[in-house]
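Chain naming here is simple, since letters A, B, ... match the order of the sequence lines and numbering starts at 1 in each. Excluded from the calculations below are hydrogen atoms, water molecules and symmetry mates; all remaining heavy atoms, backbone and side chain alike, are included. Computed from a predicted structure; not experimentally measured.
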2 protein chains.
Amino acid sequence: MDTKIFCLGILSFGDATGYEIKKQLEGPFRHFYDASFGSIYPALGKLTDAALVERTELAQDKRPDKKVYSITPAGKMALMDELAKPISGDKVKSDFLATIVFSELLSPAAIDQMIADRLAAYDSAITELDCEQTMTGPGAHFVCGFGKALYTAARDYLENHRHEIVGHSLLTKSEKVL
Amino acid sequence: MDTKIFCLGILSFGDATGYEIKKQLEGPFRHFYDASFGSIYPALGKLTDAALVERTELAQDKRPDKKVYSITPAGKMALMDELAKPISGDKVKSDFLATIVFSELLSPAAIDQMIADRLAAYDSAITELDCEQTMTGPGAHFVCGFGKALYTAARDYLENHRHEIVGHSLLTKSEKVL
DNA sequence: TCAGTCTTATATTGGATCGACATATATCAA
DNA sequence: TTGATATATGTCGATCCAATATAAGACTGA
């Protein structure tokens with residue numbers, strides 16, 4: 001799903017500006033989807049060119065002008081077509097797990113710090129995703145619970161298996177590796 | 001962690017060609033990290049220019065020529081410096097969860113199919129990650145177990161909460177939404 | 001009060017990256 | 001014999017991220 005389709009999806013819930021679409025992605029959703037201004041604004045431009053959304057310029061008092069986008073009937077059809085297609089697998093890029101694979105090159109203290117940081121990050125993510133009540137729509141509700149379950153499982157696994165990655169540092173065995 | 005650092009990490013385990021680095025990313029690791037030829041080959045070129053790796057051309061019988069890369073002492077230092085830096089959070093892009101958020105626009109049959117596909121994908125991922133024995137190094141061992149725990153939690157949550165997302169289709173309430 | 005930061009809002013740019021394709025040869029199966 | 005798979009390197013267009021630019025009001029603490 002590229003940024004164009006994602007924007008169409010957000011606009012299917014109601015009109016929004018590019019800025020507001022980006023705001024949505026700073027809440028709990030950012031844990032499973034993200035997009036930057038550098039992809040949102042061009043996407044909205046292309047959608048407008050293709051008549052899948054309509055742009056209404058709105059001059060505001062004491063605020064920069066807004067450009068409010070609304071989905072068109074053609075846009076809703078394009079969105080539904082796209083959603084019905086087979087879904088590609090999740091794309092994950094975890095610097096944490098990659099670092100663990102290479103963790104023999106880290107000092108035991110650095111590994112401990114990394115694990116502590118990660119456990120704290122899981123805790124704050126779990127807290128942030130504890131938001132099923134405030135989310136609008138059954139889909140968003142499900143997604144928050146799903147995220148919470150995953151982060152909880154990750155937290156538990158890391159706590160119970162952290163001993164497997166400490167104590168293997170090559171740096172403890174010889175001071176110089178080079 | 002960009003592709004250059006990732007390649008340095010793989011090369012810290014031993015010499016490899018670009019093709020072999022890519023091969024590593026088609027096994028269990030692809031679930032948490034990926035890179036294409038379009039980023040691996042340019043990365044190896046830049047690493048060579050920076051003298052962080054060395055290239056040895058190897059003519060082969062009945063096979064295309066190989067370019068075997070080895071990490072240099074400077075490369076190992078650069079890798080260790082990079083690994084010691086604070087780790088950025090995982091980047092996840094889940095078309096599945098995004099589609100669930102927009103699932104009111106899908107037919108109940110399409111939602112059921114999507115869930116069935118996803119459960120099957122989790123099962124095959126869990127099977128593929130059941131490889132702690134064959135993996136070299138404690139880091140890789142940990143990562144496989146971690147992945148298995150996460151996919152198992154995802155599978156369980158989806159099975160136990162799938163009812164929350166079916167039965168909310170707007171298409172069942174009125175045949176035409178447009 | 002006044003500098004500094006935050007928020008709203010749009011947009012661009014450079015570099016990184018993906019996915020698809022191109023090229024070449026060899027093997028193996030239908 | 002036709003097509004698929006494997007080895008091996010590489011390029012190209014489109015996309016995308018992170019950072020930066022611009023601009024103006026609101027808040028905040030010294």
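At whole-Å resolution of the value, CD in A/Glu20 and P in C/dA9 are 6 Å apart. B/Ile40 places its CD1 atom 19 Å from the P atom of D/dC12, with the value rounded to the nearest Å. Look at CG on B/Asp34: it is 6 Å from P on C/dC18, rounded to the nearest Å. The CD atom of A/Gln24 sits 14 Å away from the P atom of C/dA9 (whole-angstrom rounding). When rounded to the nearest whole Å, the span between CE of B/Met1 and P of D/dA18 equals 15 Å. Atom CG in B/Asp65 sits about 18 Å away from atom P in C/dT23, given to the nearest Å. Protein atom CG of A/Leu44 is 14 Å distant from nucleotide atom P of C/dA9, rounded to whole Å. Rounded to whole Å, the distance from CG on A/Leu58 to C1' on C/dT8 is 14 Å.
The side-chain contact (heavy atoms from CB on, under 4.5 Å) search around B/Asp117 returns B/Gln113, not counting sequence neighbours. A/Asp2 pairs by the side chain to side chain donor-acceptor pair (under 3.5 Å) definition with A/Lys4, not counting sequence neighbours. Checked against side chain to side chain donor-acceptor pair (under 3.5 Å), A/Thr56 has no partners two or more places apart in sequence or in another chain. Applying the side chain to side chain donor-acceptor pair (under 3.5 Å) rule to A/Asp156 yields no partners; only residues at least two apart in sequence or on another chain are considered. Residues meeting the side chain to side chain donor-acceptor pair (under 3.5 Å) test with B/Lys46, sequence neighbours left out: none. Annotation: side-chain contact (heavy atoms from CB on, under 4.5 Å) contacts of A/Asp90 (sequence neighbours excluded): A/Val92, B/Ser94, B/Phe96, B/Arg118.
Between the axis at the start and the axis at the end of the helix from C/dT1-D/dA30 to C/dA30-D/dT1 there is an angle of 30°, using five pairs per end and rounding to 10 degrees.
Residues A/Phe146 and A/Phe32 keep their aromatic ring centres 6.0 Å or farther apart.
A/Thr72 places a side-chain N or O within 3.5 Å of a backbone atom of A/Leu52 that can act as its donor or acceptor partner.
A/Ala35 comes within 4.0 angstrom of sugar-phosphate atoms only, judged by non-hydrogen atoms across all strands, and of no base.
Under the 4.5 Å side-chain criterion, counting only non-hydrogen atoms from C-beta, A/Asp112 is in contact with A/Arg162. Within the 4.5 Å cutoff, no side-chain heavy atoms of A/Ser103 are placed close to those of A/Thr99.
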Under 3.5 Å, which donor-acceptor pairs link side chains of residues 18-31 of chain B to any protein atom two or more places apart or in another chain?
{"unit_1": "B/Glu20", "atom_1": "OE1", "unit_2": "B/Thr17", "atom_2": "N", "d": "3.0"}
{"unit_1": "B/Lys22", "atom_1": "NZ", "unit_2": "B/Ala35", "atom_2": "O", "d": "3.2"}
{"unit_1": "B/Arg30", "atom_1": "NH1", "unit_2": "B/Glu26", "atom_2": "O", "d": "3.3"}
{"unit_1": "B/Arg30", "atom_1": "NH1", "unit_2": "B/Glu128", "atom_2": "OE1", "d": "3.3"}
{"unit_1": "B/Arg30", "atom_1": "NH1", "unit_2": "B/Glu128", "atom_2": "OE2", "d": "2.8"}
{"unit_1": "B/Arg30", "atom_1": "NH2", "unit_2": "B/Glu128", "atom_2": "OE1", "d": "3.2"}
{"unit_1": "B/His31", "atom_1": "ND1", "unit_2": "B/Tyr151", "atom_2": "OH", "d": "3.0"}
{"unit_1": "B/His31", "atom_1": "NE2", "unit_2": "B/Glu128", "atom_2": "OE1", "d": "2.9"}

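Residue A/Tyr19 places at least one side-chain N or O under 4.0 Å from the OP1 or OP2 atom of C/dT8. For A/Lys22 and C/dA9, the shortest distance from a side-chain N or O to OP1 or OP2 is not below 4.0 Å. In this structure, A/Thr17 reaches the C/dT10 phosphate: one of its side-chain N or O atoms is under 4.0 Å from OP1 or OP2. For D/dC17, one of the phosphate oxygens OP1 or OP2 lies less than 4.0 angstrom from a side-chain nitrogen or oxygen of A/Ser39.
Taking every side-chain heavy atom of A/Lys66 into account, C/dA9 is the closest of D/dA6, D/dC17, C/dA9.
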Using a cut-off of under 3.5 Å, enumerate the N/O to N/O pairs linking the protein to nucleotides 11-16 of chain C.
{"unit_1": "C/dA11", "atom_1": "OP1", "unit_2": "A/Lys67", "atom_2": "NZ", "d": "2.1"}

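Contacts between residues 5-12 of chain B and DNA chain D, counted as heavy-atom distances below 4.0 Å, involve no residue at all. Residues of residues 88-99 of chain B that place a heavy atom closer than 4.0 Å to DNA chain C do not occur.
A salt bridge does not link A/Lys93 to B/Asp34: none of the charged side-chain nitrogens sits closer than 4.0 Å to a carboxylate oxygen. A salt bridge between A/Lys91 and B/Asp95 is absent, with no side-chain N of the basic residue lying under 4.0 Å from a carboxylate O of the acidic one.
The stretch residues 49-59 of chain B participates, sequence neighbours left out, in no salt bridge (Lys or Arg N to Asp or Glu O under 4.0 Å) pair at all.
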